[in-house]
Amino acid sequence: MPKTYDPQTTEPELIEAWMSAGCYQRSKGVGDCTVTIPPPNVTGILHMGHAMDDTIQDAYVRYSRMRGRSTRWILGTDHAGIATQTKVDKKLKEEGVSRLQIGREKFLEACWDWRREYGGTIVSQIKRMGCSIDFDDEKFTMSPEYARAVRKVFCDWYHEGLIYRGKRIVNWCPSCKTAISDDEAEYRGEEGHLWYLRYPLVEPTGGIEYVTVATTRPETMLGDTGIAVSPSDPDKQSLVGKKVLLPIVGREIPIFSDWHVDAGFGTGFVKVTPAHDPNDYAMGQAHGLPQINIFDERAHVVEGYGEFSGMDRDECREAIVSWFDEHGLLDHVEELDHSVMHCYRCDTALEPWLSEQWFVAVDKLKGRATEVVRSGEVKFHPARWTDTYLTWMDGLKDWCISRQLWWGHRIPVFYCEDCGWQDALMEDTGTCPNCGGHHVHQDEDVLDTWFSSQLWTFATQGWPDDATELAQHHPTKVLVTARDIIALWVARMIMSSLYFTGEIPFRDVYIYATILAKDGSRMSKSKGNGVNPMDLMERYGADAMRFNLLTLITNNQDVKFDANIDKKTHALIDSPRTEQARSFVTKIWNASRFVQMNLDGYAPGEPKAETPEDAWMLSRLARIVDEATEALEGYAFGDYARDMQSFFWNEVCDWYIELCKGRLLGGTPEERLQAQRNLVFVLDTSLRLLHPVMPFVTEKVWDALPASALGRMSATGEVDSRFLMLASWPEPADFARFTDDRAEGDFELAKGLISAVRSTRARYRLSPKAELAVAVKADAAASEKISAQVDFIRQVGRVSALTVGAPDEFVRPEGSVSVLAPDFEAYVVVGGLVDLSAEAARLEKELAKAEKDLASVSRTLSNEGFVAKAAADVIEKKRAQRDELSVTVERLSAQIADLV
């Protein structure tokens with residue numbers, strides 16, 4: 001093994017070796033583990049959410065493959081209707097042409113060209129991460145076989161009455177010029193205003209000449225067809241049935257009562273614009289109000305409104321407010337913070353807009369899809385997301401599936417212009433089957449991208465034409481995805497799969513943590529605070545990035561990613577936690593290299609507990625095998641990663657390897673050989689356990705272990721593959737024979753005492769070689785265990801003398817300092833080596849400075865003005881400094897008390 005490990009050379013080489021050997025292809029075994037990757041946008045590039053998602057999936061797939069299960073990880077990309085069309089539109093604009101100029105057919109050719117040129121970018125990045133996907137079996141939501149599946153779903157639902165066309169309020173993006181579903185709209189808080197406008201009564205009554213309405217959108221008043229009040233507002237009931245004359249337009253509109261109105265909002269009079277607000281639409285339907293669309297598809301005022309026609313929404317708002325002001329009808333204006341819907345693609349404020357669209361009637365689909373989750377047939381991990389799913393399903397409305405785009409699955413509905421025939425067909429037609437006419441055209445709209453991706457688990461496996469793969473690999477095992485698309489995708493997959501296959505699409509849904517920037521804000525291009533996974537891999541290696549990501553996973557959903565980004569160039573400066581993960585990679589390499597360098601004369605053989613540390617290590621190994629297996633089975637990826645690091649670094653490296661050095665360097669041939677066998681066994685097992693999250697360094701080290709070219713024996717005595725990724729997982733049942741609770745307990749007690757001595761040396765800056773006398777106060781049980789290991793403790797801990805006494809007869813040695821542990825009190829004699837009074841004086845000075853600094857930081861944080869104005873990262877640093885100083889003060893106080 002080379003002295004240093006180079007991930008930039010090793011990782012690409014191993015990817016090539018694995019793929020050339022067919023390691024990524026689906027494997028056969030007992031029990032199915034099929035996973036479908038959430039298809040990334042064909043236009044996209046890898047971001048931190050992808051990196052987290054794909055790391056989790058690969059860890060689980062690699063683990064399942066090693067466990068001997070039939071594994072299949074299905075890769076594919078989504079055509080991303082709006083995103084792709086936007087990018088191609090932009091490219092055409094740069095070339096001096098537009099989509100409308102070249103026509104639909106040429107535009108679609110341009111989209112396919114774009115996909116061929118850029119569609120492989122994210123796939124190559126996923127491959128660079130080490131994801132063990134069968135890249136030869138890639139899927140695409142616009143491929144011919146997939147398109148056929150999408151078309152069948154539409155046609156079947158259309159003919160069974162689950163798809164219909166209707167004129168409804170939708171979220172309209174004036175920039176993308178298409179409808180957006182409720183679930184795709186992103187709400188953002190904005191500073192706005194509440195305008196109070198006066199609407200004159202047609203016939204003043206009781207001295208009342210006008211009513212005052214409060215609105216955040218005065219531009220929509222051109223489309224008002226009513227004024228509503230709450231039935232719970234008695235003061236306004238006398239005006240119900242009266243009419244007002246809509247200013248500017250001169251339209252008479254009625255005042256009516258409706259429970260949609262909040263009597264406490266504004267003045268209690270609410271303008272009703274049925275074509276531009278969902279609640280207003282519902283009130284309009286209930287009270288028979290006209291629906292007047294005042295905006296075109298660009299959100300410009302349509303013809304017929306005089307000087308306001310042709311204005312965009314913002315211009316119209318300003319002009320209408322000015323008109324009301326000039327005519328004495330603007331009562332007053334208040335500032336108001338409110339939530340505004342934005343397009344998730346282009347960030348344009350969405351317009352509630354009345355238009356004719358295609359919808360899925362969900363009432364006939366959501367019942368069974370709710371029950372399978374409520375009953376636990378489909379389980380969410382963490383379980384709290386079950387309530388999120390069920391709550392959303394309870395309020396589910398019909399789904400708008402049409403998009404006014406060209407790129408996508410065109411709606412397969414055909415119309416005859418001669419006789420009015422209409423139908424959804426599996427094959428295109430130019431002839432009307434009803435009248436034989438040839439004036440037939442297809443619907444211009446395409447389907448929502450989520451409509452096609454809802455088929456992902458079964459349309460990628462041959463449905464509807466070939467059920468062979470479906471029978472073997474459906475339902476899939478687990479869907480790993482983000483919480484943002486529980487409604488957009490997860491629920492729709494469950495509904496469609498139950499309907500068309502009669503099965504759930506997956507047994508488990510794992511919702512991974514949302515990765516935030518270091519300051520806790522959302523990562524975004526506009527903020528320039530996003531971290532590029534490719535930069536992390538280039539600097540630290542894929543293993544380090546992957547491992548760091550898994551260690552971030554806790555029961556908290558949002559996690560902050562520790563990375564510093566250049567504010568000007570947006571380039572990665574550093575990532576301290578990923579650097580720590582790289583240190584762990586280095587630790588694995590160096591520890592393995594030490595073992596490899598000390599295997600002269602090695603011959604294969606069984607591991608045996610010849611010493612207390614052997615018995616402790618083999619028992620701890622059996623326990624970590626059990627814990628790692630249980631964690632991965634339960635999708636506890638964070639616990640798995642953190643536990644493995646603690647075990648390998650703290651127990652294998654810092655203790656066991658160190659304790660084996662004596663036998664390796666100075667033991668008898670028999671002692672040396674057994675130490676070698678034990679070390680190889682522990683290292684081999686550890687590498688298998690670590691492989692799912694750190695595939696590269698573990699594979700490289702494993703390849704250097706003895707007999708790697710011919711395969712090596714597993715714990716069950718079977719010969720394993722030449723590749724670690726295809727080797728067997730350490731089965732808990734096979735390691736149960738090593739479990740020894742007493743050996744662990746006894747050794748942990750000795751280890752704790754040795755650590756107490758070492759920490760005392762470090763605290764008082766004594767040489768690691770300085771031998772110290774130690775007295776221990778413990779009960780009878782602990783005393784017996786410590787006394788049985790006196791020679792070991794003295795040798796390893798460099799203890800010159802060790803005495804153990806019961807609490808009632810114990811006398812503290814002079815010049816000693818105490819170290820408390822759960823099972824004993826240790827008193828380490830340092831009087832002859834440390835001037836205790838001088839040491840106390842020195843610590844007093846350190847304590848005074850720490851207390852002064854703590855008081856200063858605490859004053860700053862108690863200043864409300866500072867907390868209100870300072871940047872979030874500055875406040876966070878101050879709080880961390882306060883916490884660190886508090887610990888320092890507590891530690892120094894305890895040390896001083898121990899010396900005086």
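Nothing fancy with the numbering, it's 1 onward along the sequence. Atoms considered below: every heavy atom in the structure, side chains included; atoms not considered: hydrogens, waters and symmetry mates.
Side chains of D853 and S856: a donor-acceptor N/O pair is absent below 3.5 angstrom, by distance only. There is a side-chain donor-acceptor pair under 3.5 Å between Q57 and D53. At a cut-off of 3.5 Å, with distance as the only test, a side-chain donor of S521 or N529 sits close to an acceptor on the other residue. Side-chain polar atoms of R812 and S816 form a donor-acceptor pair below 3.5 angstrom.
Aromatic pair F792/F747: centroids less than 6.0 angstrom apart. Aromatic ring centres of F735 and F681: separated by under 6.0 Å. Between F380 and W385, the ring centre distance reaches or exceeds 6.0 Å. No close placement of the Y510 and H381 rings is indicated, their centers lying 6.0 Å or farther apart.
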>> Test side chain to side chain contact (heavy atoms under 4.5 Å, CB included) on R688 and L724; report intermediate values, then the result.
In response: CA-CA 7 Å; R688 295 174 194 245; L724 174 58; 3.7 Å; yes
>> Checking L46 against D54 for the side chain to side chain contact (heavy atoms under 4.5 Å, CB included) test, could you report, in this order, the C-alpha distance in whole Å, the side-chain angles of both residues, the deciding distance, and whether it holds?
In response: CA-CA 10 Å; L46 199 69; D54 297 341; 4.0 Å; yes
> Under the side-chain hydrogen bond (donor to acceptor under 3.5 Å, both in side chains) criterion, do Y656 and E658 qualify, and how do the steps go?
Replying inline: CA-CA 5 Å; Y656 189 61; E658 288 298 316; over 6 Å; no
>> Before you tell me yes or no, could you show the steps for R522 and D558 under salt bridge (charged side-chain N to carboxylate O under 4.0 Å, His left out), namely the whole-Å CA-CA distance, both residues' side-chain angles and the distance that decides it to 0.1 Å?
In response: CA-CA 10 Å; R522 282 261 184 177; D558 295 338; over 6 Å; no
>> Assess the residue pair K751 and D746 against the criterion (salt bridge (charged side-chain N to carboxylate O under 4.0 Å, His left out)); give the C-alpha distance rounded to whole Å, side-chain angles, the decisive distance to 0.1 Å, and a yes or no.
In response: CA-CA 9 Å; K751 189 158 75 82; D746 291 355; over 6 Å; no
> Taking it one step at a time, do V857 and L885 satisfy side chain to side chain contact (heavy atoms under 4.5 Å, CB included)?
Replying inline: CA-CA 9 Å; V857 173; L885 286 168; 4.1 Å; yes
>> Using the rule given for side-chain hydrogen bond (donor to acceptor under 3.5 Å, both in side chains), can you reason through T611 versus D614, listing the C-alpha separation, both sets of side-chain angles and the distance that settles it, and then say yes or no?
In response: CA-CA 5 Å; T611 66; D614 288 343; 3.2 Å; yes
>> Does R642 form a salt bridge (charged side-chain N to carboxylate O under 4.0 Å, His left out) with D639? I'd like the steps, not just the answer.
In response: CA-CA 5 Å; R642 289 186 294 272; D639 292 343; 3.0 Å; yes
> Yes or no on salt bridge (charged side-chain N to carboxylate O under 4.0 Å, His left out) for E876 and K518, after CA distance, side-chain angles and deciding distance?
Replying inline: CA-CA 10 Å; E876 188 66 27; K518 186 178 181 179; over 6 Å; no
>> side chain to side chain contact (heavy atoms under 4.5 Å, CB included) for I786 and I793? Distances and angles first, verdict last.
In response: CA-CA 8 Å; I786 293 173; I793 294 170; 4.0 Å; yes
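Between D543 and V693, the closest heavy-atom pair is OD1-O, 4.2 Å. Summarising the geometry of W729 relative to P692, their closest heavy-atom pair is CZ3-CG, 3.8 Å, with the distance given to 0.1 Å. What you find for P732 and T629 is that their closest heavy atoms are CG-OG1, 3.7 Å. For the residue pair S686 and M644, the shortest heavy atom distance occurs at O-CE, 4.2 Å. Y827 and P813 get closest at one heavy-atom pair: CB-CD, 4.0 Å. Closest heavy-atom contact between Q8 and G541: NE2-N, 3.9 Å.
Within the cation-pi definition used here (under 6.0 Å to the ring centroid, within 45° of the axis), R758 qualifies as a partner of W655.
Under the 3.5 Å distance criterion, the side-chain polar atoms of S646 are left unmatched by any main-chain donor or acceptor of D643. Between the T9 side chain and the D6 main chain, no donor and acceptor come within less than 3.5 Å of each other. Judged by distance alone, with hydrogens and angles left aside, the side-chain atoms of S783 form a donor-acceptor pair with the main-chain N or O of A778 at under 3.5 Å. In terms of modelled atom types and a separation under 3.5 Å, the side chain of T888 and the main chain of E884 share a donor-acceptor contact. For R761 (side chain) and A770 (main-chain N/O), a donor-acceptor pair under 3.5 Å exists by modelled atom type.
The side-chain heavy atoms of M523 and L516, taken from C-beta on, include no pair separated by under 4.5 Å. Contact check for V480 versus Y635: no side-chain heavy atoms found under the 4.5 Å cut-off. Counting heavy atoms from C-beta on, the side chains of L772 and L766 come closer than 4.5 Å. Taking the side chain as every heavy atom from C-beta outward, R593 and K3 approach each other to under 4.5 Å. Side-chain contact check for L833 versus R765: every heavy-atom pair is 4.5 Å or farther apart. By the 4.5 Å heavy-atom criterion applied to side chains, M48 and N532 are not counted as neighbours. Counting only heavy atoms from C-beta outward, the side chains of H50 and P533 never approach each other to under 4.5 Å. In this structure, the side chains of W589 and K700 come closer than 4.5 Å at one or more pairs of heavy atoms.
Between Y60 and Y63, the ring planes lie tilted relative to each other; the angle falls in the 30° to 60° range.
The structure places CE of M1 at 6.5 Å from CD of Q596, a figure rounded to the nearest 0.5 Å. Separation of atoms CD (E809) and NZ (K777) is listed at 11.5 Å; rounding is to 0.5 Å. To the nearest 0.5 Å, the span separating SG on C660 from CZ on F594 amounts to 8.5 Å. To the nearest 0.5 Å, the span separating CE on M694 from CD on E699 amounts to 14.0 Å. The distance from atom CZ of R577 to atom CZ of R582, rounded to the nearest 0.5 Å, is 15.5 Å. With rounding to the nearest 0.5 angstrom, the CG atom of L683 is 10.5 Å from the CG atom of L621.
Each of T55, D58, T551, T578 was compared with R546 under the side chain to side chain donor-acceptor pair (under 3.5 Å) criterion, and only D58 meets it. Test D741, D740, T739 against R623 for side chain to side chain donor-acceptor pair (under 3.5 Å) and you get one pass: D741.
Other residues, nucleotides and ligands contribute only 12 or fewer heavy atoms inside 6.0 Å of the CD atom of E538. Applying the 6.0 Å contact sphere to NZ of K877 captures no more than 12 heavy atoms from other residues, nucleotides or ligands. With a 6.0 Å radius and a threshold of 12 heavy atoms from other residues, nucleotides or ligands, E771 has its CD atom above the threshold. For E579, the CD atom is densely surrounded, since the number of other residues' heavy atoms within 6.0 Å is greater than 12. For Q795, the CD atom sits in a loose shell: 12 or fewer heavy atoms of surrounding residues, nucleotides or ligands are nearer than 6.0 Å.
In this structure, the side chain to side chain donor-acceptor pair (under 3.5 Å) partners of E846, at least two apart in sequence or on a different chain, are R842.
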